[in-house]
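A note on names: the letters A, B, ... follow the listed sequences, proteins ahead of strands, and every chain is numbered from 1.
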Number of protein chains: 2
Amino acid sequence: MGVLERVDRRKAKAVAIAVPEVALETDRLIRGDCIAAMRALPDACVDMIFADPPYNLQLGGDLSRPDGSHVDAVTDAWDKFDSFAAYDAFTRDWLREARRILKPTGTLWVIGSYHNIFRVGASLQDQGFWILNDIIWRKANPMPNFKGTRFTNAHETLIWASQSEKAKYTFNYRAMKTLNDELQMRSDWVLPICGGQERLKKGGTKVHPTQKPESLLYRVMLACTKPGDVVLDPFFGTGTTGAVAKRLGRKWIGIEREESYIEAALERIEAALPLDESAVAIMQTPRQAPKVAFGTLVETGLLSPGATLCDTKRRWKAVVRADGSLECEGETGSIHGLGAKLQGAPSCNGWTFWQVDSADGLKPLDTLRQNYLLATEP
Amino acid sequence: MGVLERVDRRKAKAVAIAVPEVALETDRLIRGDCIAAMRALPDACVDMIFADPPYNLQLGGDLSRPDGSHVDAVTDAWDKFDSFAAYDAFTRDWLREARRILKPTGTLWVIGSYHNIFRVGASLQDQGFWILNDIIWRKANPMPNFKGTRFTNAHETLIWASQSEKAKYTFNYRAMKTLNDELQMRSDWVLPICGGQERLKKGGTKVHPTQKPESLLYRVMLACTKPGDVVLDPFFGTGTTGAVAKRLGRKWIGIEREESYIEAALERIEAALPLDESAVAIMQTPRQAPKVAFGTLVETGLLSPGATLCDTKRRWKAVVRADGSLECEGETGSIHGLGAKLQGAPSCNGWTFWQVDSADGLKPLDTLRQNYLLATEP
DNA sequence: AGCTATAATGAATCACTAG
DNA sequence: ACTAGTGATTCATTATAGC
């Protein structure tokens, strides 16, 4: 079991003395500004805060796809800040209130991208929060980089933090290990972005530009709360946190300002059905087959630039280059592309076409890939 | 081709004027404190800085594995800071010098973990660096979390930043796509940790507690530098940056304080073998061909005035006019401009948008351009 | 109904040169 | 500094249309 699946009794009592036992009203949405709304809540009253604040994206002009279609960017007023200083002040303010209303045994989750997460992370450390992990949400299906100017931005970062270094907190270690096929849950989670039936739409257009997938909240809550715990989301949006809390038998409080989001959130949570224990157990992440790019073999030294490959009949001999491309008779390309080009075929599986010359004869490139997998698999 | 695979000539000249052309001494290790050593270097003299600063780990007591064996943690004096404020001051200082000695077209890479990366990221944004990506090094074989109190910390974070929002920088887009089996390289990289033969040891114990794998530096340098570029590493350690730079035909400068690391680094780099030029070559976009104006095809008779072009779906039919402009549905313009206008798109590549009807179906205009080039090449 | 082809879209800091 | 012209550039998934 985790560090704390039962609360430290002495601390729990101390809280009970400081804050008169008034039943906290839960499973409700508070309309209005998140900082003002949090101020109205008592000290140490929630077990988890999940926050998805504005990212302060600072986007430039319009962006088009290669096919000419327009990319629907996040241009909402709530994501606009005048400066880093203004964003930092906003961050400090909501974090301070979050810290106050969070129980000593509670934990904070914040999600962000490189635009804002470094500022948020530094700010919460400054306030005394103790980072337990940073978690990488590796998007299974991110939007590509259309202009070929950077790496595809394929992840977002979550920070998980306790109130202080010595604080006790809930971590359902066993549940996470079960969810991950009996391997310890890692700090990188592969999950699809929110789309399909799950994505809330009105009149054919998305209700919220940045709706988070329920699978993400599901894992967060399953890992770090107990049934009956209170989860607060100060940037509630369309209520993913509320819907998942209801499903998992946790209590929730949402704070949201925009009426259009509120309406969609309430309707959605109303429709959400609590799961029974057996259904929860079924939801497992499928283990993805590890994919290895040819370039990885070059990078990791299993094959050096300058090495030669040939086909099974030794008709062609190709030289490996630094980026994992091949060169043969003045032609260059990927292992698949060059193989196809040389044979005049529309396509070619380079892993089986290209051979490595070894002591015991030619072996397909694929055996090197198998070696890599054997060496790196846990 | 990336944003910039050759330097902006005007900017390069400006630098040459500001900084007298004194040959920078490269492929060498500077002993001593990184900030003092950087101060001795001229402005705008390096193309890339790769920094692996102390992580400020704040580890508590000793850590033991379940079998009772002791975990060799990072407890070196260089990783001790009295407070976040002290660490922040240190970060500001080395980043300021890094910014000064980095060329306007250069980029900065920093690697860290959740202990320090948020502070480093916020600090470099404050200094004016423009984050291009944050990259997740997803460790293929991380150390498990022995106590079962948190998620297995299975990644580290790298930040890639240019000097400013508008700065030009090198990104070898095509090489990265090739390296990743013809898919855009994403912001999450799966690479094994440094071990086996690669891990430097002396008397059976590791020389450096946090030696980075060469595969990581390999990808960083292949992505963001050109052959002959100067790469500086202010926290050189055992010289992974130097060894990979030598292999890839880049120049390097390392700064290191600890004599034990220096010794290992120099020995290692001495033994590293440079790849020959053909192996270091990377895939480029087919753009080295001289520019051909559309009008030239009309002038030379490859396409006659009055000929018709259409798009792939035959939605539009355009007539070629004598001056190389097109006419369609009363609209006229260049091959690019008219294509954009008809689609209602902000821009359009006319060479691939417009098709020529031939015996074996539609072929993009670009094939005519290729024919012209073949016919006119010496 | 079932299968295949086409279209749409997602937290994105997304071009460069010449004049 | 700004404008205009050329031309380089996308992946996984879902929804819809066509057969």
With B for base contact, S for sugar-phosphate-only contact and - for none (protein heavy atoms under 4.0 Å), nucleotides 13-19 of chain D reads SSS----
Under 4.0 angstrom between B:K313 side-chain N/O and C:dA7 OP1 or OP2: yes
Any donor-acceptor pair, under 3.5 Å, between the side chain of A:R65 and the base of C:dG10, if you only look at N and O atoms?
yes
Given the P atoms of C:dA1 and D:dT16, what is the spacing between them in whole Å?
16 Å
From CG of A:N145 across to P of D:dC11 the rounded distance in Å is 10 Å
Carboxylate-amine/guanidinium proximity below 4.0 Å for B:E327 and B:K317: no
inquiry  = Please report the distance separating the C1' of C:dA7 from the corresponding atom of D:dT10, rounded so that it comes out in whole Å.
reply    = 14 Å
Taken to the nearest whole Å, CD/B:Q284 to P/D:dT9 is 11 Å
NA contact type, A:C194, heavy-atom cut-off 4.0 Å: base, sugar-phosphate, or nothing?
nothing
Checklist entry - Does a distance-only test, which skips hydrogens and angles, find a donor-acceptor pair under 3.5 Å between the side chain of A:K139 and the base of C:dA11? => result no
Reckon B:D366 touches a base, only the sugar-phosphate, or nothing at all at heavy-atom distances under 4.0 Å?
nothing
Rounded to whole Å, CG of A:L57 lies from C1' of C:dG10 at a distance of 13 Å
- Message: Taking atom types as they are modelled, would you say the side chain of B:W130 forms a donor-acceptor pair with the base of C:dT13 within the 3.5 Å cutoff?
- Response: yes
Review point. Does a nitrogen or oxygen in the side chain of B:Y173 sit under 4.0 Å from OP1 or OP2 of D:dT10?
Key: yes
- Do B:R186 and B:D188 meet the salt-bridge criterion of a basic N to acidic O distance under 4.0 Å? yes
(message) Under 4.0 Å, heavy atoms only, any strand: does A:P53 hit a base, just the sugar-phosphate, or nothing?
(response) base
message = Please tell me if A:N153 has a side-chain N or O lying less than 4.0 Å from either OP1 or OP2 of C:dT13.
response = yes
Checklist entry - Hey, are B:K177 and B:E182 close enough for a salt bridge, meaning a charged N less than 4.0 Å from a carboxylate O? => result no
Cation-pi between A:R119 and B:F118: NZ/CZ under 6.0 Å from ring centre and within 45° of the ring axis?
no
query: B:W160 and B:F50: aromatic ring centres closer than 6.0 Å?
result: no
What's the gap between D:dA8 and C:dT17 when it is taken at their C1' atoms, as a whole Å value?
14 Å
Query raised in the report: Is A:P53 close to A:W94 at the side-chain level, that is, under 4.5 Å between some pair of heavy atoms?
Result: yes
note: A:K147, atom NZ; D:dT9, atom C1'; distance rounded to Å ~ 7 Å
Its glycosidic angle compared against 90° from 0, C:dT6 adopts the form anti
From NE2 of A:H70 across to P of C:dT9 the rounded distance in Å is 12 Å
At under 4.0 Å between heavy atoms, what does A:G61 touch on the DNA or RNA strands: base, sugar-phosphate, or nothing? base
Practice task
Rounded to whole angstrom, note down the P distance from C:dC16 over to D:dT9.
Solution key: 12 Å
B:F171 CZ to D:dA8 P, in whole Å, measures 18 Å
So the salt bridge (Lys or Arg N to Asp or Glu O under 4.0 Å) pairs with at least one residue in residues 58-84 of chain A (sequence neighbours excluded) are A:D72-A:K206
**Message:** What's the gap between C:dC14 and D:dG7 when it is taken at their P atoms, as a whole Å value?
**Reply:** 23 Å
Closest of C:dA12, C:dT9, D:dT9 to the A:S69 side chain is C:dT9
request  = Look only at the side chain of A:Q211 and the backbone of A:L200, and say whether a donor-acceptor pair between them is shorter than 3.5 Å.
outcome  = yes
B:Q125 has its side chain closest, among C:dA11, C:dT13, C:dT17, to C:dT13
*Answer with yes or no whether the side chains of B:S187 and A:R150 bring together a donor and an acceptor at under 3.5 Å.*
no
ask   = Quick one: is A:K206 getting a side-chain N or O under 4.0 Å of the C:dG10 phosphate, OP1 or OP2?
value = yes
Heavy-atom nearest nucleotide on DNA chain D taken for A:T152 and for B:S347; more 5' hit belongs to B:S347
Verify side-chain hydrogen bond (donor to acceptor under 3.5 Å, both in side chains) between B:Q184 and A:T152, making sure each step is shown before the conclusion.
CA-CA 7 Å; B:Q184 285 191 337; A:T152 303; 2.6 Å; yes
Looking only at C:dA12, D:dG7, D:dT10, the nucleotide nearest the A:Y114 side chain is C:dA12
Of the candidates C:dG10, C:dC14, D:dG7, the side chain of A:R199 sits closest to C:dG10
Considering only heavy side-chain atoms of A:W78, the closest of C:dA12, C:dA11, D:dG7 is C:dA11
Go through the steps for B:R174 and A:S325 under the test side-chain hydrogen bond (donor to acceptor under 3.5 Å, both in side chains), then give the verdict.
CA-CA 10 Å; B:R174 202 70 203 67; A:S325 62; over 6 Å; no
When A:D67 and A:Q58 are each assigned the nearest nucleotide of DNA chain C, the 5'-most assignment goes to A:D67
| query | Looking at A:Y261 versus A:H208, is the centre-to-centre ring distance below 6.0 Å? | reply | yes
Encoded 5' to 3' (Watson-Crick or G-U under 3.5 Å; [ ] crossing; | other strand), DNA chain C becomes .|||||||||....|||||
On DNA chain D, more 5' by nearest nucleotide between B:K177 and B:C348 is B:C348
With a cut-off of less than 4.0 Å, is there a side-chain N or O of B:S334 near OP1 or OP2 of D:dT6? yes
Comparing A:E156 with B:E165, nearest DNA chain C nucleotide closer to 5' gives the residue A:E156
Closest of D:dT10, D:dA8, C:dT13 to the A:F146 side chain is D:dT10
Identify whether any heavy atom of B:I335 sits under 4.0 Å from a base atom; if not, whether one sits that close to sugar-phosphate; answer base, sugar-phosphate or nothing. nothing
**Message:** Is there a side-chain contact between B:R186 and the phosphate of D:dA12, meaning an N or O under 4.0 Å from OP1 or OP2?
**Reply:** no
Check: What nucleic acid atoms does A:S113 come within less than 4.0 Å of, heavy atoms only: base, sugar-phosphate, or nothing?
Finding: nothing
Legend entry - Side-chain N,O (B:H336) to OP1/OP2 (D:dG7) below 4.0 Å: yes
Quick note, A:D72 side chain, CB onward, closest among C:dA11, C:dG10, D:dT10 is C:dG10
Closest to the side chain of B:N349, out of C:dT9, C:dA11, D:dG7, is D:dG7
Does the cation-pi check pass for A:R138 over A:W189, that is, NZ or CZ under 6.0 Å from the six-membered ring centre and within 45° of its axis? no
Among the nucleotides D:dT10, C:dA12, C:dA15, whichever has the atom closest to the side chain of B:Q184 is D:dT10
- Task: Look at A:K202 together with A:E263 and state whether they make a salt bridge at an N to O cut-off of under 4.0 Å.
- Result: yes
